[in-house]
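Taking it in order: structure first as C-alpha coordinates, then the write-up.
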Amino acid sequence: SDNESGKDEL
Amino acid sequence: MNIFRLAGDVSHLVAILILLMKIWRSKSCAGISGRSQVLFALVFTTRYLDLFTVYISAYNTVMKVVFLALSYATVYLIYMRFRNSYDSENDTFRVEFLLIPVIGLSFLENYAFTPLEILWTFSIFLESVAIMPQLFMITKTGEAESITTHYLFFLGLYRALYIANWVWRYHTEGFYDQIAIVSGVVQTIFYCDFFYLYVTRGEEIRTPS
(Lines give C-alpha, C1' and ligand atoms only; values in the text may rest on other atoms or scores of the structure.)
Protein backbone atom coordinates (compact mmCIF):
# COMPACT_ATOMS: atom_id res chain seq x y z
CA SER A 1 0.00 0.00 0.00
CA ASP A 2 1.26 3.52 -0.55
CA ASN A 3 1.42 5.92 2.30
CA GLU A 4 -0.20 8.94 0.72
CA SER A 5 -3.93 9.54 1.23
CA GLY A 6 -6.43 6.74 1.45
CA LYS A 7 -5.09 5.51 4.75
CA ASP A 8 -7.28 2.69 5.99
CA GLU A 9 -6.46 3.00 9.70
CA LEU A 10 -8.34 5.28 12.03
CA MET B 1 -8.59 -5.73 9.17
CA ASN B 2 -7.34 -8.05 11.87
CA ILE B 3 -8.45 -8.82 15.41
CA PHE B 4 -5.93 -6.41 16.99
CA ARG B 5 -7.06 -3.54 14.81
CA LEU B 6 -10.75 -4.25 15.45
CA ALA B 7 -10.18 -4.61 19.20
CA GLY B 8 -8.17 -1.36 19.12
CA ASP B 9 -10.99 0.54 17.40
CA VAL B 10 -13.58 -0.91 19.79
CA SER B 11 -11.40 0.02 22.76
CA HIS B 12 -11.08 3.58 21.39
CA LEU B 13 -14.84 3.82 20.97
CA VAL B 14 -15.45 2.43 24.46
CA ALA B 15 -13.05 5.00 25.97
CA ILE B 16 -14.82 7.91 24.28
CA LEU B 17 -18.28 6.58 25.23
CA ILE B 18 -17.23 6.02 28.88
CA LEU B 19 -16.17 9.66 29.13
CA LEU B 20 -19.23 11.03 27.35
CA MET B 21 -21.65 8.92 29.43
CA LYS B 22 -19.87 9.82 32.67
CA ILE B 23 -20.26 13.54 31.95
CA TRP B 24 -23.83 13.14 30.70
CA ARG B 25 -25.07 11.03 33.62
CA SER B 26 -23.34 12.95 36.41
CA LYS B 27 -24.07 16.27 34.65
CA SER B 28 -20.51 17.18 35.58
CA CYS B 29 -17.12 17.25 33.94
CA ALA B 30 -15.17 17.65 37.19
CA GLY B 31 -11.70 16.17 36.90
CA ILE B 32 -11.80 16.14 33.10
CA SER B 33 -9.34 18.18 31.09
CA GLY B 34 -11.29 20.18 28.52
CA ARG B 35 -7.96 21.04 26.90
CA SER B 36 -7.21 17.37 26.18
CA GLN B 37 -10.70 16.95 24.70
CA VAL B 38 -10.26 19.99 22.43
CA LEU B 39 -6.94 18.54 21.27
CA PHE B 40 -8.61 15.18 20.49
CA ALA B 41 -11.35 16.98 18.52
CA LEU B 42 -8.56 18.74 16.60
CA VAL B 43 -6.83 15.36 16.05
CA PHE B 44 -9.97 13.84 14.49
CA THR B 45 -10.74 16.95 12.45
CA THR B 46 -7.30 17.19 10.85
CA ARG B 47 -6.95 13.42 10.31
CA TYR B 48 -10.36 12.73 8.80
CA LEU B 49 -10.35 15.44 6.13
CA ASP B 50 -9.90 12.55 3.69
CA LEU B 51 -13.61 11.81 4.28
CA PHE B 52 -14.08 14.35 1.49
CA THR B 53 -11.39 13.02 -0.86
CA VAL B 54 -11.23 9.21 -0.73
CA TYR B 55 -13.65 6.42 0.03
CA ILE B 56 -12.06 3.42 1.80
CA SER B 57 -14.95 1.39 3.25
CA ALA B 58 -18.31 1.82 4.95
CA TYR B 59 -16.65 0.83 8.25
CA ASN B 60 -13.96 3.47 7.79
CA THR B 61 -16.44 6.23 6.93
CA VAL B 62 -18.90 5.39 9.70
CA MET B 63 -16.19 5.17 12.39
CA LYS B 64 -14.65 8.48 11.32
CA VAL B 65 -18.01 10.26 11.46
CA VAL B 66 -18.80 8.67 14.85
CA PHE B 67 -15.42 9.66 16.34
CA LEU B 68 -15.80 13.21 15.04
CA ALA B 69 -19.36 13.56 16.36
CA LEU B 70 -18.54 12.09 19.78
CA SER B 71 -15.43 14.24 20.24
CA TYR B 72 -17.36 17.43 19.42
CA ALA B 73 -20.21 16.33 21.69
CA THR B 74 -17.69 15.87 24.54
CA VAL B 75 -16.22 19.34 23.99
CA TYR B 76 -19.75 20.79 23.86
CA LEU B 77 -20.71 19.16 27.18
CA ILE B 78 -17.55 20.42 28.90
CA TYR B 79 -17.48 24.01 27.63
CA MET B 80 -21.17 24.73 27.11
CA ARG B 81 -23.74 22.49 28.75
CA PHE B 82 -21.92 21.62 31.99
CA ARG B 83 -19.37 24.41 32.02
CA ASN B 84 -20.25 25.29 35.63
CA SER B 85 -18.62 22.03 36.74
CA TYR B 86 -15.53 22.51 34.55
CA ASP B 87 -12.42 22.67 36.73
CA SER B 88 -10.57 25.36 34.76
CA GLU B 89 -8.32 26.19 37.71
CA ASN B 90 -6.65 22.81 37.51
CA ASP B 91 -6.77 22.48 33.71
CA THR B 92 -3.81 24.74 33.09
CA PHE B 93 -1.45 22.75 30.87
CA ARG B 94 0.04 25.11 28.27
CA VAL B 95 -1.13 23.50 25.02
CA GLU B 96 1.10 25.77 22.92
CA PHE B 97 4.04 23.75 24.29
CA LEU B 98 2.52 20.76 22.48
CA LEU B 99 1.11 22.51 19.41
CA ILE B 100 4.22 24.46 18.36
CA PRO B 101 6.63 21.48 18.26
CA VAL B 102 3.95 19.25 16.70
CA ILE B 103 3.25 21.80 13.93
CA GLY B 104 6.98 22.17 13.31
CA LEU B 105 7.58 18.41 13.19
CA SER B 106 4.67 17.77 10.83
CA PHE B 107 6.19 20.20 8.31
CA LEU B 108 9.60 18.54 8.62
CA GLU B 109 8.64 14.86 8.69
CA ASN B 110 5.77 13.82 6.41
CA TYR B 111 5.04 11.52 3.49
CA ALA B 112 4.30 14.36 1.06
CA PHE B 113 4.46 18.13 1.33
CA THR B 114 0.77 18.63 0.64
CA PRO B 115 -1.85 20.21 2.93
CA LEU B 116 -3.71 16.93 3.56
CA GLU B 117 -0.56 14.94 4.30
CA ILE B 118 0.85 17.62 6.61
CA LEU B 119 -2.47 17.81 8.48
CA TRP B 120 -2.60 13.99 8.73
CA THR B 121 0.94 13.93 10.14
CA PHE B 122 0.04 16.77 12.51
CA SER B 123 -2.93 14.72 13.77
CA ILE B 124 -0.78 11.62 14.37
CA PHE B 125 1.88 13.59 16.28
CA LEU B 126 -0.73 15.58 18.22
CA GLU B 127 -2.64 12.44 19.22
CA SER B 128 0.49 11.02 20.81
CA VAL B 129 0.66 13.93 23.28
CA ALA B 130 -2.98 15.10 23.48
CA ILE B 131 -3.59 13.28 26.77
CA MET B 132 -0.87 15.25 28.56
CA PRO B 133 -3.18 18.03 29.85
CA GLN B 134 -5.37 15.29 31.40
CA LEU B 135 -2.43 13.50 33.01
CA PHE B 136 -1.08 16.87 34.19
CA MET B 137 -4.44 17.66 35.77
CA ILE B 138 -4.48 14.34 37.65
CA THR B 139 -0.94 14.97 38.89
CA LYS B 140 -1.91 18.49 39.97
CA THR B 141 -5.05 17.51 41.87
CA GLY B 142 -3.51 14.23 43.05
CA GLU B 143 -6.58 12.15 42.26
CA ALA B 144 -8.80 10.73 39.55
CA GLU B 145 -12.26 9.22 39.83
CA SER B 146 -12.45 5.53 38.97
CA ILE B 147 -14.55 6.20 35.86
CA THR B 148 -11.88 8.61 34.60
CA THR B 149 -9.24 5.93 35.10
CA HIS B 150 -11.37 3.44 33.09
CA TYR B 151 -11.47 6.03 30.30
CA LEU B 152 -7.68 6.39 30.37
CA PHE B 153 -7.22 2.62 30.48
CA PHE B 154 -9.25 2.02 27.31
CA LEU B 155 -7.64 5.00 25.58
CA GLY B 156 -4.17 3.61 26.33
CA LEU B 157 -5.22 0.07 25.44
CA TYR B 158 -6.41 1.28 22.03
CA ARG B 159 -2.95 2.44 20.92
CA ALA B 160 -1.25 -0.61 22.47
CA LEU B 161 -3.57 -2.84 20.39
CA TYR B 162 -2.67 -0.81 17.31
CA ILE B 163 0.98 -1.69 17.94
CA ALA B 164 0.00 -5.38 17.83
CA ASN B 165 -1.94 -4.59 14.62
CA TRP B 166 1.18 -3.01 13.07
CA VAL B 167 3.33 -6.01 14.00
CA TRP B 168 0.67 -8.28 12.49
CA ARG B 169 0.38 -6.21 9.30
CA TYR B 170 4.14 -6.08 8.88
CA HIS B 171 4.38 -9.88 9.06
CA THR B 172 1.31 -10.67 6.95
CA GLU B 173 1.25 -7.81 4.41
CA GLY B 174 4.73 -6.32 4.64
CA PHE B 175 2.91 -3.05 5.39
CA TYR B 176 4.28 -0.48 7.78
CA ASP B 177 3.63 3.18 8.37
CA GLN B 178 6.68 4.65 10.02
CA ILE B 179 5.11 7.90 11.25
CA ALA B 180 2.12 6.11 12.79
CA ILE B 181 4.25 3.40 14.39
CA VAL B 182 6.83 5.69 16.00
CA SER B 183 4.13 8.09 17.27
CA GLY B 184 1.96 5.18 18.43
CA VAL B 185 4.81 3.72 20.47
CA VAL B 186 5.55 7.14 22.02
CA GLN B 187 1.84 7.57 22.78
CA THR B 188 1.64 4.16 24.46
CA ILE B 189 4.72 4.88 26.58
CA PHE B 190 2.92 7.89 28.09
CA TYR B 191 0.28 5.50 29.42
CA CYS B 192 2.70 2.97 30.96
CA ASP B 193 3.03 4.80 34.28
CA PHE B 194 -0.75 5.12 34.39
CA PHE B 195 -1.26 1.41 33.50
CA TYR B 196 1.03 0.51 36.38
CA LEU B 197 -0.97 2.60 38.86
CA TYR B 198 -4.27 1.32 37.45
CA VAL B 199 -3.27 -2.31 37.96
CA THR B 200 -1.47 -1.98 41.29
CA ARG B 201 -3.65 0.57 43.09
CA GLY B 202 -7.03 -0.29 41.67
CA GLU B 203 -9.48 2.00 40.02
CA GLU B 204 -9.28 5.15 42.03
CA ILE B 205 -5.93 6.77 41.59
CA ARG B 206 -4.22 9.07 44.02
CA THR B 207 -0.76 10.16 43.10
CA PRO B 208 1.76 10.39 45.92
CA SER B 209 2.01 14.01 47.07
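Sequence lines set the chain letters: A, B, ... in the order given, protein chains first and strands last, and positions in each chain run from 1. We use all heavy atoms of the structure for the numbers below, so side chains are in, but hydrogens, waters and symmetry mates are not. Please read these numbers as outputs of a predicted model, since none were measured by experiment.
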Exercise for the section: Decide, yes or no, whether a salt bridge links B/E96 with B/R94 under the criterion of side-chain N to carboxylate O below 4.0 Å. Expected result: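 A salt bridge links B/E96 with B/R94.
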
Exercise for the section: For B/Y158 and B/Y162, run ring-ring contact (aromatic ring centres under 6.0 Å, His included): C-alpha distance rounded to whole Å, both residues' side-chain angles, the deciding distance at 0.1 Å, then the answer. Expected result: CA-CA 6 Å; B/Y158 136 67; B/Y162 256 70; 5.3 Å; yes

Interchain contact, [X] with chain A, by part (heavy-atom threshold 4.5 Å):
{"X": "B/N60", "value": "both"}
{"X": "B/Y55", "value": "neither"}
{"X": "B/N110", "value": "neither"}

Problem - Distance (rounded to the nearest 0.5 Å) between A/D8 CG and B/Y59 OH - result: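 It is 10.5 Å, given to the nearest 0.5 Å.
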
Handout entry: B/H12 ring center near B/F44 ring center (under 6.0 Å)
Key =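 Aromatic pair counts; centres sit under 6.0 Å.
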
Practice task
Pick whichever of B/R47, B/M63, B/R5, B/K64 has the most heavy-atom pairs under 4.5 Å with chain A.
Solution key: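 Going by pairs under 4.5 Å, I would pick B/R5.
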
